[in-house]
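This report refers to the structure that appears directly beneath it.
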Amino acid sequence: GQQVMQIPQYQHVQEGEDFTTYCNSSTTLSNIQWYKQRPGGHPVFLIQLVKSGEVKKQKRLTFQFGEAKKNSSLHITATQTTDVGTYFCAAMNSGGSNYKLTFGKGTLLTVNP
Amino acid sequence: NAGVMQNPRHLVRRRGQEARLRCSPMKGHSHVYWYRQLPEEGLKFMVYLQKENIIDESGMPKERFSAEFPKEGPSILRIQQVVRGDSAAYFCASSPSSTNYGYTFGSGTRLTVV
């Protein structure tokens with residue numbers, strides 16, 4: 001079945017440093033979504049990328065979708081303690097069961113103040 | 001807008017008992033998804049339902065697990081004869097359509113089997 005690989009599994013940074021998490025698929029994706037889950041909380045939708053090469057920004061967060069629509073990244077500039085949590089990418093396959101989101105295992109970000 | 005409501009938030013069951021998890025989707029959302037999350041793991045798809053229909057249950061174990069989304073009332077995920085390995089967080093999500101929309105997740109039900 002559809003698999004989405006996400007790296008790194010953990011990332012610890014000092015407040016003010018940048019952070020990037022990467023998501024890769026072996027198959028072409030219809031779209032990719034990003035979610036954030038705070039410790040003890042539930043996933044919260046951040047953004048969806050649909051077009052090849054798409055780049056979207058939300059304040060200090062930059063999301064990219066690869067040209068081949070097989071990979072994506074989330075970059076946070078100048079991390080803050082409020083950025084702590086697990087960031088998941090979630091891929092929707094192109095064709096077939098294209099309603100089903102397959103989640104990566106997530107990257108747990110911790111920020112040292 | 002109340003969001004996706006799940007209850008109970010925490011559920012403790014003894015081995016062999018039944019667990020019933022409830023999910024009311026956001027108003028206007030007719031698509032419901034159930035996911036299971038183990039500690040430090042991603043979310044694993046279990047089942048996708050629309051009103052009175054199971055669209056895809058490929059992620060749900062064939063035995064002991066069932067799901068429904070009746071015409072009236074919440075979606076129910078039912079686990080019969082629970083075992084320790086069923087202990088996990090179960091999240092329900094809803095969306096207004098099956099494609100091109102982000103999911104809205106509920107707060108989850110943390111099931112502990114003792």
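Hydrogens, waters and symmetry mates are skipped; everything else that's a heavy atom, side chains included, is used. By convention in this document, chain letters (A, B, ...) are assigned in the order of the sequence lines, proteins followed by strands, and residues within each chain are numbered from 1.
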- Message: Do Ser75(B) and Glu68(B) pair up side chain to side chain, a donor and an acceptor below 3.5 Å, judged on atom types alone?
- Response: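 The answer is no; no qualifying pair exists.
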- Message: One pair to check against side chain to side chain contact (heavy atoms under 4.5 Å, CB included): Arg36(B) and Phe65(B). What are the steps and the verdict?
- Response: CA-CA 12 Å; Arg36(B) 179 162 73 174; Phe65(B) 285 73; 3.9 Å; yes
- Could you tell me whether the side chain of Thr79(A) and the main chain of Asp18(A) form a donor-acceptor pair under 3.5 Å?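 Between the backbone of Asp18(A) and the side chain of Thr79(A) there is no qualifying donor-acceptor contact (under 3.5 Å).
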- Task: Keeping the roles fixed (side chain from Asp56(B), backbone from Ser58(B)), state whether a donor-acceptor pair exists under 3.5 Å.
- Result: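 At least one qualifying donor-acceptor pair exists.
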Do the two ring centres, one from [X] and one from [Y], sit under 6.0 Å apart?
X	Y	result
Phe88(A)	Tyr35(A)	no
Tyr48(B)	His31(B)	yes
Tyr35(B)	Phe103(A)	yes

- Item | Structural part of Leu101(A) lying under 4.5 Å from a heavy atom of chain B |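 For Leu101(A), backbone and side chain are both near chain B.
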- Is it the side chain or the backbone of Gln6(A) that comes within 4.5 Å of chain B heavy atoms, both, or neither?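 Contact with chain B is absent: no heavy atom of Gln6(A) under 4.5 Å.
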- Query: Can you name the closest pair of heavy atoms from Arg20(B) and Arg22(B) and give their distance?
  - Reply: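 Heavy-atom minimum between the residues: O-NH1, 3.9 Å.
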- When heavy-atom pairs shorter than 4.5 Å are enumerated against chain B, which of Pro43(A), Gly106(A), Gly41(A) gives the highest number?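 Heavy-atom pair counts peak at Pro43(A).
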- Query: Given that the side chain runs from C-beta out, which part of Thr104(B) has a heavy atom under 4.5 Å from chain A: side chain, backbone, both or neither?
  - Reply: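 Looking at Thr104(B), nothing touches chain A.
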- Message: Taking 4.5 Å as the heavy-atom cut-off, does anything in residues 105-114 of chain B contact chain A, and if so which residues?
- Response: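 Heavy-atom contacts from residues 105-114 of chain B to chain A are Phe105(B), Gly106(B), Ser107(B), Arg110(B).
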